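So the structure is just underneath, and the comments pick up after that.
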Amino acid sequence: MKQHYSFSVSKNTLKAIKEPYFKASDPMATERYNPRVTEPKWRNAWDEAKLFETDNASPKPKYYVLEMFPYPSGRIHMGHVRNYAMGDVVARYKRAMGYNVLHPMGWDAFGMPAENAAMQNKVHPKEWTYQNIAAMRSQLKSMGLSIDWTREFATCDVDYYHRQQMLFVDFLHKGLVGRRVSKVNWDPEDQTVLANEQVIDGRGWRSGALVEQRELAQWVFKISDYSEELLDALDNLDNWPDKVRTMQRNWIGKSRGARINFPFVKRSSIKDDELICFSTRPDTLYGASFMAISAEHPITLELAKSDPKLLAFVEQCRRLGTSTADIETAEKQGYDLGLTVKHPFIEGKELPVYAANFVLMDYGTGAIFGCPAHDQRDLDFARKYGLEVTSVVATLSDPNTPAPVDDIAFVDDGVLVNSGPMSGLRKDEAINKAIDVLAEMGLAKEEINYRLRDWGISRQRYWGCPIPVIHCDDCGTVPVPKSDLPVKLPEDVTFDIPGNPLDRHPTWRHVNCPKCNKPASRETDTMDTFVDSSWYFARFTAPWEHEPTDPKAANDWLPVDQYIGGIEHAILHLLYSRFFTRAMKVTGHLNIEEPFKGLFTQGMVVHETYKGEAGFVTPADICIEESDGKRRAIDIASGKEVKIGSIEKMSKSKKNVVDPDDIIASYGADTARFFMLSDSPPERDVIWTESGVEGSHRFVQRIWRLLNDASEGFKATKSGKGIDGKAGEISKSAHKTLKAVGEDLDKLAFNKAVARLYELVNMIANPISEIAKGNADPQTTSATKEAVEFLIAMFAPMMPHLAEECWQVIGNSGMIADHPWPKFDDGLVVDDDIFLPIQVNGKKRAEVTVSASANQDEIIAAVLEMDVIKGYLDGNKPRKVIVVPKRIVNIVL
RNA sequence: GCGGGCAUGGCGGAAUCGGUAGACGCAAGGGACUUAAAAUCCCUCGGCCUUAGUGCUGUCCGGGUUCGAGUCCCGGUGCCCGCACCA
């Protein structure tokens, strides 16, 4: 039996929900709202009406809202609740606004955890995954999301990965896929390859193991061909957070410079005539004092064959890790190769060539010229090996003297000096000039370099989409013909030893070559799971199609109008999806470039941590006591006090997770959803607190009580606008709130919308009480009923079940989920009288209420007549009176 | 190191274009109702003050622009996020 969320304050509330509650003094009083009964009831009603099933053929304008689909880990967590609550508000709001809304759900279902579970628990990954999906689907359904479940799929469904294999084959034919033997990041723990994007601080993003470098034949998607386009198009994604765009820009890492040839002078045994390097600062060539090439550079490797000491140096560089700590502590090291090159500008000058540990083989050409005065790494290196340091850039403040360089290189903008044709030019001009001059000499050309590498997708795993390719000794790699697709995963596999089960399967890999029919073997690598999530949003538009997409449906629905998910996908998933959409355009599956028009990255759900003698304690086992203004956490089981620790992201290791199931069982889905939308701005982290949930739940009960108490009065009245007096005020508040909440929801400012709902309820609470007592006049009752209808419509996207129940209780027919968003009256959102603060010399001293039609002179006259103001004026005339219409009056003495 | 962001009561946060700082919620304190508790309702709630006011002060710190600055500009401090030996 599940223990409910046990805080001292909440116990009574929980008890009260379980038992009907009556006011002691009034046996006729309203029963408490019981979400356990009403929530399932309304979910059934929506299902039966097929309210959220989306028709592609509907003539209404389309709106596609999508939350990043979950990995089926087993149970949903609060982060999911927050994510899907936000998406559901948008979906329901847009639906009410008259859009044909597509709001689907699926499962990012391939991946390592299923294989880990298979190894640990002797359960097949497929079984484990589908069980988890079933459990999580039922949890998500209990949230009351307006999802079209008829479009649901999991990426591990054969139906889905079949289409992914079709896409792969199409990409292959269009030259978007390559096969390369290359150095790859090998995760020794997971025994698989990782993309650069999946290596964080030199460790596998999932396993945390130190990544090794290995040579492997890899399938790659040629994302780097799209570097420029992916970069340029970011400028137009103006409904994306700047932060994400910046991160992608940096990741693509464009830099402009020159590819420069340095002819060898002393060339030893090597056959190359020249050393080619890349530099973004060719302007500083006059300050060059050495050349450095990577330990992995072909010239280094060639020389190392006959030089044991050099070979030792190369191996030492390889051993050096790639983690942050290693890089920061690593000293610049080099090995003099005994070669020299000719300086392109300075007659007779030769530069020595070193192999160096700080030069990367996979950026630029793996070779650089060292200009110590204007590059910190080069300076460190030069100081260590006693090389000359020649400053050739002057500061802007002293443009004739080379900037002095001691331990810190001068890298800022400046004026070139002692630099031949570049002398006297500013940095940027000098770079252009250098490229021009070198180009004329035939020694260089302009070059753009990108940091972005091709996307290696081969994974030596079982639980992924098989790469539909066959290796034939005679024909090479042959794609599986489309008529032979899908290449299904075999189910009879074992996980008792590490490595890829597909590799050791007795029969699966043996096939005949589709071209020559001789015995051949299947590719046993599967695709990186990021491939699965790179096009699922397109599949949702027509998941029934035989082809990967129905291009018309895809073009009609895409791009996704509002995509919502975590910032952690800012680079990987979002960049891959942008590439995939382009690749799908090239292969005719759709005709757009960008998959996501609007992107919103929501913050995490965080919670306090509690630490006892035996480690972290979960919040469900804690009771918070408060006395003398101090909060203490008590472990319920032992009765001992535990330490209240820092606020952290909810995680199993910190044991600070709150199970959504418990919350929904105790308070209902609406309370959980409403709390997730309250208080914190959605892009920021939200702190889960029990008292906060209590507050949301109080609001639920308060609305219910108010509307129930007055339900007879409402049923007997038609709703309408109030003209004057109390009724007029109520209508103004209601219409103003309606306008403001609409604007807030358009901006996804859920926390502000929530605050306005509280304000409106505070405003109409008294009139509702009067109606309940039978004391209200008909006009007030009518205006209040309209305000209540607005209120229900406004919180319906946030608390959909409560909204239906309330809609019914005030005597309205139909379902609010199917009701259009109300329209505010322009005349009611402007005030007749305007309240103006009055400042004297910029400090607030008084206030005045004037008619909205009053002109500036009338306002000034009225203000100057006020006794308070006369007191400040002391008989003098003000030097100046500033009236900002509808804002403020400021009198300057 | 490079790039980006943030800083407002006891707490989460509001404050549209430079115009009443602290909406709304939480917590806290007081009161009503009750045999009692819970629930509910009402009140107080940035700080300071022998003058309680038409008072002073207050949005990380120091300057500036302005009739007026949480908001804009310059300089600094602290924290957070991303990338990182990228030539």
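Below, chain A is the first sequence line, B the second, and so on; all start at residue 1. The structure displayed is predicted, hence computed values, not measured ones. Heavy atoms only: backbone and side chains are in, while hydrogens, waters and symmetry mates are out.
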- Message: Given rU54(B), rU16(B), rC83(B), identify the nucleotide with an atom nearest to the side chain of Ile571(A).
- Response: rC83(B)
- Message: On the side chain of Lys752(A), is there an atom forming a donor-acceptor pair with the base of rC24(B) - under 3.5 Å, no angle test?
- Response: no
- Task: Starting from C1' on rU40(B), measure out to CG on Asp709(A) and report it in whole angstrom.
- Result: 11 Å
- Message: Any donor-acceptor pair under 3.5 Å linking the side-chain atoms of Ser255(A) with those of Tyr363(A)?
- Response: yes
- When syn is taken as a glycosidic angle within 90 degrees of 0, is rG9(B) syn or anti? syn
- Item | Set of residues satisfying side-chain contact (heavy atoms from CB on, under 4.5 Å) with respect to Asp679(A), sequence neighbours excluded | Phe675(A)
- Which residues share a ring-ring contact (aromatic ring centres under 6.0 Å, His included) with Tyr385(A), sequence neighbours left out: Tyr354(A), Phe381(A)
- Note on the structure: Sorted by number, residues from residues 365-379 of chain A placing a heavy atom under 4.0 Å from RNA chain B are Ile368(A), Arg377(A)
- Assign each of Arg702(A) and Pro681(A) to its nearest nucleotide of RNA chain B by heavy atoms, then name whichever residue's nucleotide is nearer the 5' end. Pro681(A)
- Message: Of the options rA87(B), rU57(B), rA14(B), whose atoms approach the side-chain atoms of Thr280(A) most closely?
- Response: rA87(B)
- Query: Arg281(A) near the nucleic acid: base, sugar-phosphate alone, or nothing, with a heavy-atom cut-off under 4.0 Å?
  - Reply: sugar-phosphate
- Would you kindly compare Ile888(A) and Arg845(A) by the position of their nearest RNA chain B nucleotide and give the one closer to the 5′ end? Ile888(A)
- Query: Roughly how far apart, to the nearest Å, are rG58(B) and rG68(B) at atom P?
  - Reply: 15 Å
- Glu770(A) CD to rC41(B) P, straight-line distance once rounded to whole Å: 15 Å
- Which pair of heavy atoms, one from Gly366(A) and one from His297(A), lies closest together, and at what distance? O-CD2, 3.5 Å
- Between atom NZ in Lys844(A) and atom C1' in rG58(B), what is the gap in whole Å? 16 Å
- Using the P atom in both, what is the distance from rU65(B) to rU16(B), to the nearest Å? 25 Å
- Only residue of Glu446(A), Glu447(A), Glu228(A) satisfying salt bridge (charged side-chain N to carboxylate O under 4.0 Å, His left out) with Arg256(A) is Glu446(A)
Tell me which donor-acceptor pairs under 3.5 Å the side chains of residues 879-893 of chain A have, and how far apart each pair is, sequence neighbours excluded?
unit_1, atom_1, unit_2, atom_2, d
Arg879(A), NE, Leu893(A), O, 3.1
Asn890(A), OD1, Gly842(A), N, 3.1

- Message: Heavy atoms only, 4.0 Å cut-off, all strands: where does Gly695(A) land among base, sugar-phosphate and nothing?
- Response: sugar-phosphate
- Message: Without decimals, in angstroms, what is the distance between Leu760(A) CG and rG25(B) P?
- Response: 12 Å
- Task: Between rC56(B) and rG4(B), how far apart are the P atoms? Round to whole Å, please.
- Result: 42 Å
- For the pair made of CE in Met291(A) and P in rA87(B), what is the distance, rounded to whole Å? 16 Å
- Item | Pairs where residues 752-770 of chain A contributes a residue and the test salt bridge (charged side-chain N to carboxylate O under 4.0 Å, His left out) is met, not counting sequence neighbours | Asp744(A)-Arg756(A), Glu770(A)-Lys773(A)
- Would you say rU40(B) has OP1 or OP2 under 4.0 Å from some side-chain N or O of Arg32(A)? no
- Determine the interatomic distance between C1' on rG82(B) and the same-named atom on rA27(B); round to the nearest Å. 35 Å
- Message: Taking Tyr33(A)'s backbone N and O only, do any of them form a donor-acceptor pair with Gln701(A)'s side chain (distance below 3.5 Å, no angle check)?
- Response: yes
- Rounded C1' spacing from rG46(B) to rA15(B) in Å: 16 Å
Output one line per pair: protein atom, nucleotide atom from nucleotides 4-10 of chain B, and distance, for all N/O pairs under 3.5 Å.
none

- Pairwise C1' distance, rG18(B) and rG12(B) [rounded to whole Å]: 27 Å
- Task: Ignoring hydrogens and angles, tell me if any N or O in the side chain of Arg451(A) forms a donor-acceptor pair with the backbone of Trp251(A) under 3.5 Å.
- Result: yes
- Message: Once you apply a heavy-atom cut-off of 4.0 Å, does Val359(A) come out as touching a base, just sugar-phosphate, or nothing?
- Response: base
- Item | For Ile435(A) against Gly257(A), the heavy-atom pair lying closest together | CD1-O, 3.9 Å
Each nucleotide N or O in nucleotides 65-67 of chain B that has a protein N or O under 3.5 Å away: list the pair and distance.
unit_1, atom_1, unit_2, atom_2, d
rC67(B), O2', Asn890(A), ND2, 3.3
rC67(B), O2, Asn890(A), ND2, 2.4

- Residue pairs meeting salt bridge (charged side-chain N to carboxylate O under 4.0 Å, His left out), one or both in residues 282-294 of chain A, sequence neighbours left out, come to Arg281(A)-Asp283(A)
- Just compare rA39(B), rA87(B), rC24(B) and give me whichever is closest to any side-chain atom of Ser279(A). rA87(B)
- Message: Heavy atoms only, 4.0 Å cut-off, all strands: where does Asn449(A) land among base, sugar-phosphate and nothing?
- Response: nothing
- Query: So, Asn762(A) and Arg702(A): side-chain donor and acceptor under 3.5 Å apart, yes or no?
  - Reply: yes
- Is the closest basic N to carboxylate O distance between Asp242(A) and Arg245(A) below 4.0 Å? yes
- Item | Paired stretches of RNA chain B - 3 or more consecutive Watson-Crick or G-U pairs, each distance under 3.5 Å | B:1-7 with B:77-83, B:10-12 with B:24-26, B:28-32 with B:40-44, B:46-48 with B:55-57, B:60-64 with B:72-76
- Let me know the distance between NE2 of His697(A) and C1' of rA39(B), rounded to the nearest Å. 11 Å
- Between the side chain of Asp454(A) and the main-chain N/O of Ile223(A), is any donor-acceptor distance below 3.5 Å? yes
- List for me each residue that meets salt bridge (charged side-chain N to carboxylate O under 4.0 Å, His left out) alongside Lys870(A), sequence neighbours excluded, and say none if there are none. Glu865(A)
- Item | Distance, P atom - from rG22(B) to rU77(B), rounded to whole angstrom | 33 Å
- Touch check for Ser680(A), heavy atoms < 4.0 angstrom, all strands: base, sugar-phosphate only, or nothing? sugar-phosphate
- Task: Whole angstrom is fine here: how far is it from CZ in Phe750(A) over to P in rG13(B)?
- Result: 17 Å
- Note on the structure: Ranking rC86(B), rC85(B), rG25(B) by distance to the side chain of Tyr758(A), first place goes to rG25(B)
- Note on the structure: Of the candidates rG25(B), rA14(B), rC86(B), the side chain of Asp679(A) sits closest to rG25(B)
- Message: Which residues pass the ring-ring contact (aromatic ring centres under 6.0 Å, His included) test with His573(A), not counting sequence neighbours?
- Response: Tyr563(A), His569(A)
- Message: Just to be sure I understand the rule, does Arg249(A) reach a base, reach only the sugar-phosphate, or reach nothing, if contact means heavy atoms closer than 4.0 Å?
- Response: nothing
- Task: Specify the glycosidic conformation (syn or anti) of rC48(B), with syn defined as within 90° of 0.
- Result: anti
- Message: Measuring only the P atom in each nucleotide, how far is rC11(B) from rC48(B)? A whole number of Å is fine.
- Response: 15 Å
- Apply ring-ring contact (aromatic ring centres under 6.0 Å, His included) to Phe699(A) and list each qualifying residue two or more places apart in sequence or on a separate chain. Phe674(A), Tyr758(A)
